[in-house]
Every structure is written in C-alpha cells, then in structure tokens.
Amino acid sequence: MPMRANGPLPNGYHNSSSPAFNSTKTPKKGGPPLPTSSSSISSSKHALLQEQRSELPIAKGKDALIHEFREHDVTVLLGETGSGKTTQVPQYLLESGLARNGMIAVTQPRKVAATSLAGRVAAEQNVALGSSVGYSVRFDERFSSQTRIKYMTDGMIVRELMSDPSLSKYSIIIVDEAHERSLRTDILIANLKTIQQRRNKSQDAKGKGKDTSNPLKIIIMSATLDAEKFGRFFTGSKILYVQGRQHPVKIYHSSQGQVDYVDSAMRTFFQIHTDYPPGDVLIFLPGQEDIESLEKTIQIYANQLPHDRMSVLICPMYAAQAAGQNSKVFLATPPNTRKCILATNIAETSITIPGVKYVIDTGKCKEKRYLARNTGGGFDTLLTRDITQSSAMQRAGRAGREGAGHCFRLYTEDAFKAMPLSAEPEIMRCSLSSSLLQLKCIGQDLETLELMDQPAEESMKSSLIVLYLLGALNLQKEITALGRQMAAFPLEPIYARAIIASKEYGCTQEVLDIVSILSASSKLFIESSEQREAVSEARKKFRHVCGDHLTILNVVKAYQEIAYSEAKGSRKEWCRRHFLNERALLEASDIRDQLRQTCQRLGIDHSVSCGDKDDPVTFSLGHGLVMNIALLQPDGTYKQTIGQSIVKIHPSSVLCDKKIPAIIYDELVYTNQIYARGVSRIPKSFIVTLGALKQQR
DNA sequence: GAGCACTGC
C-alpha cells in the first residue's frame with residue numbers, strides 16, 4: 001500500500017456548512033467530585049460554588065423556569081451539554097416551594113451519575129450529603145427523613161413502584177436523560193402519566209384552595225434531538241429550551257463514501273499528524289478486530305516518519321482489554337508526541353479522554369439487538385451498523401472538551417443526514433420478560449400500558465411464552481405464586497427460577513455463587529490476545545467437565561479461599577495472575593448478599609450446599625434455562641429443542657469441541673453464526689423430566 | 001475458533 005506521510009491526501013474533505021457545533025449530551029454530570037462527608041464546606045469554597053452556579057447558562061432563566069413549572073403539570077426541558085439543568089432545576093424547585101408535599105426525585109439511567117450529582121448539589125446547598133439532598137442506587141443509599149431532593153436510578157424508582165404504585169412520597173419527579181430511552185425510563189414515563197392523571201384528578205374534585213391532596217408534577221429532561229415526542233406523549237405539556245456551553249468543533253465530511261474505513265482512518269490520521277498543530281487524535285471504530293488491524297498499520301507508517309517529526313503513541317481502548325491497558329490513555333502525552341487513541345464506543349459516553357483535539361469518526365458501531373422468536377426465547381445479534389446522528393454529534397463533541405477542535409467524518413454529509421436521529425428505544429431491542437413479570441405484579445400489562453413506543457407483538461408473545469415455560473404465568477397469562485417469588489429477585493426470570501429450583505436440589509449456595517457472577521455487569525474472564533497461551537494455561541486450573549457454570553463455581557470457590565487467607569493486595573495479584581477480573585468477583589459478592597436476603601424473605605435457606613456434587617447444580621440451572629436446551633447433531637452442531645435454530649458452542653466455552661450430547665446455555669449470540677454462550681452438559685434423561693413437568697401444568 | 005458499549009433491580 002503506497003503511503004507517504006507527505007503524500008496526496010486521498011479523502012478530499014470539505015468544510016461542513018455548520019461551523020460551530022454543540023454536543024448534545026454530557027457523559028459525566030455534576031463536575032468533579034466534591035467533598036461531601038463534612039456537614040459544610042469552607043465559606044470561601046461555598047462562595048466560589050455560588051458564583052459558578054450563577055454563571056451557568058440556565059441561571060439567567062431561573063425565574064421564567066419557575067413560573068413555567070408552576071403553571072404546567074408536565075414540562076419538557078431541552079438542554080444542551082453544560083447548561084446546568086440537572087443540578088440547578090431541583091434546587092430552583094426546592095427554593096420556590098413548589099414541592100411542599102413531598103420529595104423531588106431526579107432519576108438517572110446510571111448509578112455514578114446519581115451519586116455524583118447528589119454530592120455536587122449537597123455541596124452547592126452547603127449541606128451534608130444524605131440530609132436534605134440524598135441519593136438512592138442499588139447497593140448504596142444516603143438519605144433521611146429530611147431529604148427533599150433525591151437523586152436515584154430509574155431502576156430504583158421502578159422497584160418503588162412495586163410497593164407504592166402512586167409514588168406518593170414524591171411531589172415532583174424529574175426524569176433526566178430521557179432521550180436515552182432506557183427500558184426503565186420508558187416504563188417509568190408510562191406509569192407517571194397514569195399516576196398523574198389519578199393524583200391530580202382527585203385534587204380537582206376537592207376544589208381549589210384545599211391542599212389536602214397530593215398532586216404530581218413531572219419534568220422530563222432531554223437532549224435536543226427528537227424531543228417533541230415527549231411533548232406529544234404528555235398532552236398539555238410545555239416545552240422549554242436551555243442553551244448549552246461547549247467549545248466549537250469544526251466538522252469535515254468526506255466528499256465521497258469510504259469503502260474501507262480502516263484504511264481511510266489511517267490516511268486521515270497521518271493527514272492530521274503532518275498538517276495540524278499538536279493535539280491528540282481519537283479514532284472511533286466498531287470493534288476490537290478493526291482496532292488491532294489499524295494499530296498495526298499506523299505503527300508501520302509511524303516508524304517510517306522522519307526523525308524531526310512528532311512521534312506517535314498508539315493507545316487501543318475497548319472494554320474487553322485488560323484494565324491496565326485502557327488506563328494508558330490517561331497518562332500524560334510524552335513531549336514531542338501525539339497520542340492516537342483507537343477506541344470503540346467506550347470513548348463515546350463512558351470514558352472522557354483529556355487532550356483530544358481531533359476526532360476521526362468512521363460512522364460505524366456494533367449494536368446488540370434481541371431477536372425475539374415466537375417459540376419463546378430468542379437470540380442476540382451483534383452486528384456492525386451505521387451510527388445515529390446523535391451519536392455522530394456526541395463523537396464530534398469529544399474534540400471540544402477543552403478547547404476548539406476538529407472532527408473528520410469518514411462519510412458524506414448526505415450519509416450523515418440519512419442516519420437515524422437517535423437510537424431505537426431499548427424497549428424495542430431487548431427481551432421483555434423481566435419487565436413484563438414486574439408489571440404483572442402490580443396488575444399491569446405491557447400490552448395495554450400506554451408507552452411512548454410499543455414493542456413488537458412478537459417480542460411480547462415471546463416473553464409471555466418464556467414466562468409460561470418458567471411457570472411464572474399460567475395459560476390465562478395470570479401471574480402464579482411461583483411468578484411472584486421470581487419477581488422478588490433482582491434478576492432475569494431465568495436465573496430467579498434456577499434459584500428457586502435449587503431449593504429442591506439442595507444446592508442454593510452453589511447456584512447463588514454462579515448466578516451472582518452471571519448477573520454482574522463486568523466480565524469475569526479477562527482476554528489478552530498478546531498472552532493467549534498464558535491465559536489458556538491459567539484457565540485450565542478452573543476448567544470443569546460439566547461446563548462453564550461449574551467452571552465459574554470453581555473460580556468463585558478458589559477466590560473465596562484466597563479471600564479468607566490472603567491480604568487484599570495478594571488477592572488482586574492472584575486475580576491478575578489468573579486473568580480474572582476482581583471487579584466482577586467483588587460485584588458478584590454484593591449481588592449474592594442481596595440475593596441471600598431475598599431468599600431469606602421467601603423462606604429459602606441460602607446456606608444449603610450439595611458439596612462436590614455436580615448434577616444438583618446443573619439441574620437447578622436447567623429449570624431456569626428450559627428454553628435454552630440443544631441436542632448434538634451428527635455433524636457436530638446443535639439443534640434447539642424449542643425453536644429450530646442450529647447453534648454452535650462458542651469457542652470461549654470449556655465445552656467447545658467436546659461433543660456433549662445435550663447442553664443448556666445462558667444465551668445465543670449471532671455474529672457470523674449463532675453461538676451458544678455459557679454452556680453446561682445436561683443428561684438427556686433430565687430433558688424428559690422437564691418435559692413431564694411441563695405436561696403437569 | 002471468537003469477544004460494541006453500557007445500565008438497572
């Protein structure tokens with residue numbers, strides 16, 4: 001491939017018609033963490049905070065905002081990055097006395113946002129965190145009877161819905177980041193609409209002047225794209241706009257479509273490197289494979305650069321990479337060096353990298369999407385696709401965090417305009433069984449609930465079948481006693497079912513260990529393409545003939561032994577040596593504690609163990625994975641017992657190439673083929689037993 | 001023989 005650092009520039013950029021650019025979303029709200037443990041902060045610091053508050057773009061509109069909140073039951077507030085709406089609006093509401101009857105809830109899709117925002121606002125109010133300003137997220141809460149402003153995750157308030165269907169503790173509920181359209185945000189919004197109708201109607205009946213009722217105000221906060229949708233959903237609502245503040249980013253579109261975006265990204269990088277002033281470059285790519293191939297080619301050409309040029313430091317970044325590798329990007333760039341960061345979507349929202357002045361956007365990402373099947377179950381797909389306009393803007397905004405920046409898009413302006421505005425709401429792309437079961441508990445139906453977007457009928461049907469096969473619903477779609485028990489667990493129904501089955505098989509301790517790891521958000525096993533051999537050698541120690549579930553159990557047991565006998569530092573070292581992610585083990589231990597409490601409430605003894613026996617464990621899991629069973633075919637592939645798909649065991653499984661006659665699996669993922677992940681062997685006779693159980697219902 | 005990113009209870 002002929003490529004000279006000073007050669008012709010093949011991409012032919014032209015300047016975009018829009019010179020300045022505002023990003024639409026701020027990933028890390030509330031600024032840096034502030035001291036929050038003491039009851040108050042020094043007066044000079046407080047004065048500085050107050051000055052910063054008054055300089056926020058939203059401060060100018062304070063009185064007008066309060067007026068509108070007073071006049072309308074529902075307000076949709078559209079604000080850009082840096083407007084300060086998430087920290088200021090709750091304080092304005094508190095000061096205005098609009099929340100006399102109850103608390104102000106501010107919901108967030110992510111835990112870190114909820115906790116850090118609460119800290120920031122407590123500091124601004126000059127109060128101790130947990131007093132008048134608090135938060136509530138899974139495994140962590142700080143609030144008291146005096147709390148007036150409560151930041152919480154949307155999952156938390158949806159759980160509260162189960163015990164208090166009117167959310168009567170709150171007189172104002174602010175739904176932040178509503179444009180993200182998480183599954184729980186959508187379910188919350190649907191419920192808020194009916195709750196408000198109920199609560200505010202009883203107010204009218206009592207007539208004006210009486211304050212005995214408990215009306216509800218709703219404020220929806222969103223980034224600017226496709227926000228009118230919220231306005232249409234809440235009839236009579238008022239839409240308000242708040243200006244943001246961000247450095248300008250100059251956008252360049254490619255003049256023609258790029259066939260090979262990896263090659264094109266490489267050329268664009270060297271164009272920047274030779275023609276533009278110092279500043280780090282961030283390249284967005286869909287996945288690890290592209291990152292590794294681009295890393296190689298950039299390195300080859302970087303080595304050939306003349307010695308008087310700045311050198312290039314390449315930093316690959318993706319979630320599966322060992323944590324130490326990812327943190328390389330945060331180290332100061334050495335002198336006379338330009339950092340080149342090759343990242344997946346991880347750099348789009350979750351991680352902010354300092355020093356980035358240039359962004360190269362391939363316009364591609366990988367998206368996980370759940371394909372429901374009318375036989376029950378379904379599978380995930382993981383395919384490369386075009387990004388959305390809102391994520392293109394988010395990526396460009398990454399160049400304007402610290403000063404003016406540049407964004408080079410490897411696609412045309414027409415291609416940008418052809419992109420969907422924003423991602424499809426999660427409710428359209430995920431399994432609904434968990435939410436469906438939760439709603440059944442409070443007498444609601446996903447089918448009749450008025451949602452902003454209605455999920456596909458097939459997806460609904462599939463979830464009903466899954467819940468029926470698990471015994472959570474009967475043929476009349478009514479929730480069963482077993483279903484209520486399952487809903488009590490903060491878990492996917494399939495794993496809740498496995499725990500309940502473990503009572504019969506006397507192995508609750510083992511099943512809890514496994515299920516906790518499976519429902520932790522971080523992966524247990526760390527991959528390293530550089531040390532592939534060392535990884536497989538370390539894995540051998542835990543390998544269990546029955547499959548991946550019992551392999552996980554081996555890891556947990558080994559870690560527990562270390563945890564009891566060794567110091568914290570050596571535990572870490574042990575994990576590193578075995579390519580295990582300690583974060584997953586620690587998170588799983590929190591989850592396990594919570595699951596034990598649920599077991600206790602339901603009269604399941606969580607300490608019952610089956611010792612070294614394997615069958616009880618796989619049988620229990622089998623009750624949860626009833627629709628995830630497949631049988632070996634003569635050609636070595638597997639065929640589902642429910643549904644017709646031909647699946648293969650994922651190469652990461654310990655049972656890959658083992659020709660086990662019958663398997664259960666955690667999930668199916670379609671990439672190039674349909675792969676079963678999280679696989680265990682199951683005796684064929686057990687499948688017959690399961691079938692007989694189904695007959696009885 | 002293969003691994004986008006999250007997030008929540």
Side-chain angles (χ1 to χ4, degrees), chain A residues 27 107-114 136-141 152-163 177 180-188 284-292 317-322 326 343-351 362 364-369 380-385 387 391 394-395 423 426 429-430 434-435 437-438 441 486-493 495-496 516 519-529 532 535-536 587 590-591 594-595 597-598 636 648-653 655-657 667 669-677:
Chain A
T107 73
Q108 294 290 325
R110 281 171 289 280
K111 292 205 281 193
V112 268
S136 171
V137 302
R138 191 184 188 184
F139 304 132
D140 191 12
E141 55 180 37
M152 57 205 297
T153 46
D154 48 15
M156 211 68 190
I157 202 165
V158 168
R159 270 280 154 177
E160 271 187 31
L161 213 48
M162 305 292 119
S163 54
E177 308 282 19
E180 285 190 21
R181 300 292 306 277
S182 78
L183 174 63
R184 285 155 294 273
T185 296
D186 271 19
I187 286 175
L188 174 64
F284 282 103
L285 292 146
Q288 184 180 343
E289 201 183 335
D290 288 331
I291 287 177
E292 282 171 353
M317 204 166 79
Y318 45 89
Q321 193 175 227
N326 275 339
T344 59
N345 261 356
I346 195 169
E348 193 178 303
T349 49
S350 31
I351 293 178
T362 58
K364 302 283 177 191
C365 68
K366 284 197 187 179
E367 190 190 65
K368 201 168 183 174
R369 171 175 285 269
D380 290 311
T381 63
L382 186 56
L383 301 170
T384 303
R385 54 163 291 169
I387 58 169
S391 109
Q394 179 70 24
R395 289 179 172 192
E426 193 185 359
R429 326 180 254 119
C430 70
S434 177
S435 296
L437 184 62
Q438 260 191 338
C441 276
M486 285 163 58
F489 286 97
L491 287 174
E492 284 298 317
Y495 296 124
S516 306
S519 66
S521 60
S522 21
K523 289 219 158 49
L524 177 61
F525 297 110
I526 293 169
E527 301 300 331
S528 165
S529 40
R532 196 164 294 201
V535 171
S536 78
E587 195 189 341
D590 280 341
I591 294 172
Q594 204 183 28
L595 298 179
Q597 284 173 27
T598 311
K648 274 186 150 181
I649 296 180
H650 194 274
S652 66
S653 168
L655 293 188
C656 189
D657 299 326
E667 57 176 2
V669 179
Y670 173 78
T671 48
N672 296 313
Q673 309 178 67
I674 304 177
Y675 290 106
R677 285 210 286 218

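Naming convention: chains lettered A, B, ... in sequence-line order (proteins, then strands); numbering from 1 in each chain.
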**Asked** At under 4.0 Å between heavy atoms, what does A:Leu491 touch on the DNA or RNA strands: base, sugar-phosphate, or nothing?
**Response** base
**Asked** Looking at side-chain heavy atoms only, is the closest gap between A:Arg184 and A:Ile187 below 4.5 Å?
**Response** no
**Message:** Nearest whole Å is fine: how far is B:dG8 P from A:Gln438 CD?
**Reply:** 15 Å
**Complete:** The answer to which of A:Gly155 and A:Lys648 contacts DNA chain B further toward the 5' end, by nearest nucleotide, is A:Lys648
**Message:** Which residue is it: A:Glu367, A:Lys368, A:Arg369? I am looking for the one with a side chain to side chain contact (heavy atoms under 4.5 Å, CB included) to A:Leu382.
**Reply:** A:Lys368
**Item:** Per A:Gln288 side chain, nearest of listed nucleotides B:dG3, B:dT7, B:dA5
**Value:** B:dG3
**Request:** Output the single nucleotide from B:dA2, B:dC6, B:dC9 whose closest atom is nearest the side chain of A:Arg110.
**Result:** B:dC6
**Asked** Over how many whole Å does the gap from A:Leu382 atom CG to B:dC6 atom C1' extend?
**Response** 13 Å
**Message:** Given B:dC9, B:dC4, B:dT7, identify the nucleotide with an atom nearest to the side chain of A:Asn345.
**Reply:** B:dC4
**Asked** Once you round it to whole Å, what is the distance between P of B:dC4 and CE of A:Met317?
**Response** 15 Å
**Message:** Measure CG/A:Asp140 against P/B:dG8 and give the value in whole Å, please.
**Reply:** 12 Å
**Prompt:** For A:Thr344, which contact category applies under a 4.0 Å heavy-atom criterion: base, sugar-phosphate, or nothing?
**Reply:** sugar-phosphate
**Prompt:** Does OP1 or OP2 of B:dC9 have a side-chain N or O of A:Thr153 closer than 4.0 Å?
**Reply:** yes
**Item:** Sequence-distant partners of A:Pro109, side chain to side chain contact (heavy atoms under 4.5 Å, CB included), two or more places apart
**Value:** A:Asp154, A:Glu177, A:Glu180
**Asked** If we only count heavy atoms from C-beta on, is the A:Gln438 to A:Arg159 side-chain gap below 4.5 Å?
**Response** yes
**Request:** Round to a whole Å and report the spacing from CZ of A:Arg184 to P of B:dT7.
**Result:** 11 Å
**Request:** From the options B:dA5, B:dC9, B:dC4, select the nucleotide whose nearest atom is closest to the side chain of A:Pro490.
**Result:** B:dC9
**Message:** Which is more 5' along DNA chain B, the nucleotide nearest A:Val669 or the one nearest A:Val112? Just name the residue.
**Reply:** A:Val669
**Prompt:** Within this structure, what is the CZ-to-P distance between A:Arg159 and B:dG8, rounded to whole angstrom?
**Reply:** 14 Å
**Asked** Does any donor-acceptor pair link the side chain of A:Arg138 with the base of B:dG8 at a separation under 3.5 Å?
**Response** no
**Message:** Any side-chain N or O of A:Tyr318 below 4.0 angstrom from OP1/OP2 of B:dA5?
**Reply:** no
**Prompt:** Atom NZ of A:Lys648 and atom CG of A:Asp657: how far apart are they, to the nearest 0.5 Å?
**Reply:** 9.0 Å
**Fill in**
A:Asp657 CG to B:dA2 C1', in whole Å, measures 12 Å
**Message:** From the set B:dC4, B:dC6, B:dG8, return the single nucleotide nearest to any side-chain atom of A:Ile346.
**Reply:** B:dC6
**Request:** Could you tell me whether A:Thr671 contacts a base, only the sugar-phosphate backbone, or nothing, with contacts defined as non-hydrogen atoms closer than 4.0 Å?
**Result:** sugar-phosphate
**Request:** Would you indicate what A:Val158 reaches in the nucleic acid, counting non-hydrogen atoms under 4.0 angstrom: base, sugar-phosphate, or nothing?
**Result:** nothing
**Message:** Please report the distance, rounded to the nearest Å, between CD in A:Glu160 and C1' in B:dC9.
**Reply:** 12 Å
**Note, A:Thr107 side chain near A:Thr185 side chain (heavy atom, < 4.5 Å)** = no
